[in-house]
Amino acid sequence: MTPNLCEADALRWLADMPLLDRLELAALTGWSRGAVYDAVAKLEERGMVVAVPHASPLVAPTRRHFLTVAGVERLAELDGVSIEEPLFLVPVSKQWRRGLLERLDAVAVIYRLASAINQVFHPLAFRWYRAMPLDAAIALPDGRTLEVVRQGNTADRTAFAKRLWRLGQSAPTSAVLMLLPDEVRLRQARRLAAALPTPVFLALEGDAASAGAGVSVWRTPSGPAALDLATALDHTGPPRSWPIRKPPQRAAMPDALDPNAACQLPSVLKPVEKRAVDLLADWPWLSPQRLGAMLGVKRSRLSQVTRRLAELGLLVDVAVEGERRLALSDSGLVMLARRDRTSVGDARKRWSARPLDPDAPLDWRNVAGTRTRQLLRNVEHTAAVHAFVAALCRQARARSREIVQLDPPRRASRYFSHQGKLRSVHPDAFGIIRRGEGVWPFFLEWERRAVRPATMAARIAPYLRYYATPRPTDDHGHQPQVLVVFDDDIALTHFLAVAAREMRRARVHVPLLASHRDLVESVGPLGRAWTARGGDPPDYAFEPR
């Protein structure tokens with residue numbers, strides 16, 4: 001293949017798949033790395049292609065390339081068409097570039113998935129979609145078409161369920177490849193995907209980003225065994241046409257990138273800064289020390305991270321009751337909503353830390369977001385949960401435990417049917433800890449108000465209903481422990497007696513462990529802090545039994 005032909009083909013691939021890196025381009029084209037690197041270097045020298053840096057917790061640092069005005073003009077010249085044709089038919093316009101830059105972390109994972117598929121089927125064709133329930137589609141050489149659907153970390157279950165319902169109303173393709181952020185949401189998506197008229201294969205986003213075609217990371221809605229990508233794609237539906245993509249109403253030429261533009265944030269942020277943003281989205285009003293414990297960084301590095309986020313306008317750093325608290329700014333919320341294709345308006349309405357009156361002191365009455373306001377109103381309880389989670393992260397690293405998942409209250413809630421009614425549990429956190437082959441899921445309840453027997457019985461009642469159904473095992477693969485922490489050991493003793501009585505009455509066993517604040521703070525969540533029955537000495541919660 002001549003160098004000129006390599007450069008022309010590189011332009012066409014970067015028109016269809018903007019922001020490919022050179023390794024992905026080599027994988028998709030089948031060229032040698034040397035040929036790809038030379039072709040891209042020459043296109044950059046001629047001003048037809050420019051690159052942005054990118055790194056995320058799932059994808060190693062790299063440079064991602066897209067076409068400039070000169071590149072679009074050259075593409076139109078090569079194909080013998082007017083310049084308007086590529087602007088409206090392929091994602092090279094200013095509007096498309098901005099949208100893909102905002103979703104850059106997701107773009108990178110989907111490109112890695114396409115590269116893995118290319119190991120089995122070559123050559124591929126690829127299309128991006130927007131304002132539709134799918135993210136992208138991949139056409140195999142034999143005419144089969146795969147839809148790619150990603151659930152972002154900040155997408156709630158209701159919005160994602162509606163998105164899958166919309167997908168089910170559209171014309172079916174050969175298969176759906178679904179990327180989920182964690183194991184619990186993958187299990188939830190399996191139940192939703194069972195209603196789709198198309199074969200569905202699901203994988204964790206992190207696995208899809210790193211696994212090749214021969215690694216068994218894909219699951220079906222009903223089958224227990226994991227499949228590798230090559231096997232999964234042997235069980236798709238028949239050949240289907242592309243999902244219909246409406247041409248955009250506007251398509252301006254791509255101008256020079258403004259380094260301060262909001263769409264550039266996913267490019268300029270480092271992986272540790274992105275992790276910090278995600279943690280602050282999950283746990284608003286964190287203190288800096290607890291954010292550092294969750295990130296696993298030293299104070300000097302934490303100071304660099306928070307200063308950088310503040311300079312970029314993503315961070316709110318305020319004093320609440322004499323202690324520093326951190327939360328995402330509206331700009332940070334918008335960045336995550338754009339990344340995860342969720343509603344910007346809903347994110348601001350629920351989670352904004354913006355003061356309603358900038359001249360008044362910041363307290364819970366003066367916060368715009370309905371849910372951040374509630375967390376600030378109960379700041380003592382919020383801080384206690386944060387302290388537990390931070391101590392768990394710190395102790396897990398010291399004791400060679402892996403925290404597989406750690407969810408805030410909005411993702412820790414579980415909804416289920418019991419005796420014909422929709423019921424729910426709303427813990428303060430949910431987590432999964434792993435050590436070797438051992439896995440321990442748990443719910444956390446930090447209890448301050450249950451001081452009377454009737455109140456204690458009311459607190460255990462939702463869990464009695466939940467554990468009376470198969471849903472705990474269906475949701476998690478194991479029965480999660482329910483960890484309850486009280487302010488003192490007197491309330492702890494009374495609660496265990498009430499819980500034992502209620503379990504005997506309902507004939508339902510809840511794997512319940514309790515502790516109190518002083519004991520948890522002194523020995524840590526992974527220490528001998530937990531009691532199953534009144535009078536028993538404290539024991540470990542996350543050890544084989």
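This chain uses plain numbering: 1 for the first residue, then up along the sequence. Every heavy atom of this structure was used, including side-chain atoms; hydrogens, water molecules and symmetry mates were not.
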Point to revise | Ser352 and Asp330: side chain donor to acceptor below 3.5 Å | key: yes
Practice item. Check the side chains of Tyr463 and Glu445 for a donor-acceptor pair under 3.5 angstrom, ignoring hydrogens and angles. Key: yes
Practice item. Please say whether the positively charged group of Arg410, taken as NZ for Lys or CZ for Arg, lies over the ring of Trp351, i.e. under 6.0 angstrom from the six-membered ring centre and within 45 degrees of the axis. Key: yes
Exercise for review: Cation-pi check, Arg434 to Trp440: give yes when NZ or CZ is under 6.0 Å from the six-membered ring centre and within 45° of the ring axis, no otherwise.
Suggested key: no
Might you point out which heavy atoms bring [X] and [Y] nearest each other, and give the distance in Å?
| X | Y | result |
| --- | --- | --- |
| Leu196 | Val200 | CD1-CG2, 3.8 Å |
| Arg275 | Met294 | NH2-O, 4.0 Å |
| Ala541 | Leu483 | CB-CD2, 4.3 Å |
| Ala55 | Lys274 | O-NZ, 2.8 Å |
| Thr173 | Arg240 | C-CG, 3.5 Å |
| Pro238 | Ser174 | O-OG, 2.7 Å |

Exercise for review: Return the set of residues passing ring pair (Phe, Tyr, Trp, His ring centres under 6.0 Å) with Phe388 (not counting sequence neighbours), or none when no residue passes.
Suggested key: none
Check your understanding: Residues two or more places apart in sequence or in another chain: which of them pass ring pair (Phe, Tyr, Trp, His ring centres under 6.0 Å) with His494?
Key -> none
More than 12 foreign heavy atoms under 6.0 Å from [atom1] of [X]: is that the case here?
| X | atom1 | value |
| --- | --- | --- |
| Arg411 | CZ | yes |
| Ile490 | CD1 | no |
| Gln169 | CD | yes |

Exercise for review: Output, in order, the C-alpha distance, side-chain angles, deciding distance and verdict of ring pair (Phe, Tyr, Trp, His ring centres under 6.0 Å) for His418 and Tyr466.
Suggested key: CA-CA 8 Å; His418 180 257; Tyr466 184 53; over 10 Å; no
Run the side-chain donor-acceptor check on residues 508-515: report pairs under 3.5 Å with partners two or more places apart or on a different chain.
residue	atom	partner	partner atom	Å
Ser515	OG	Ala529	O	2.6

Revision key, fill the gap. Taken to the nearest 0.5 Å, the spacing of Gln151 CD from Leu192 CG works out to 9.0 Å
Review point. Do Arg185 and Asp182 pass the salt bridge (charged side-chain N to carboxylate O under 4.0 Å, His left out) test, and can you show the C-alpha distance, the side-chain angles, and the key distance before you say yes or no?
Key: CA-CA 6 Å; Arg185 281 183 280 188; Asp182 56 60; 2.8 Å; yes
Exercise for review: Please name the residue in the list Asp474, Leu422, Asp475, Val425 that meets the side-chain contact (heavy atoms from CB on, under 4.5 Å) test with Phe416.
Suggested key: Val425
Practice item. Given ring pair (Phe, Tyr, Trp, His ring centres under 6.0 Å), test His426 with Tyr415 step by step and report yes or no. Key: CA-CA 9 Å; His426 298 282; Tyr415 297 86; 5.6 Å; yes
Exercise for review: Answer whether the closest heavy-atom distance between the side chains of Arg150 and Asp340 falls below 4.5 Å.
Suggested key: yes
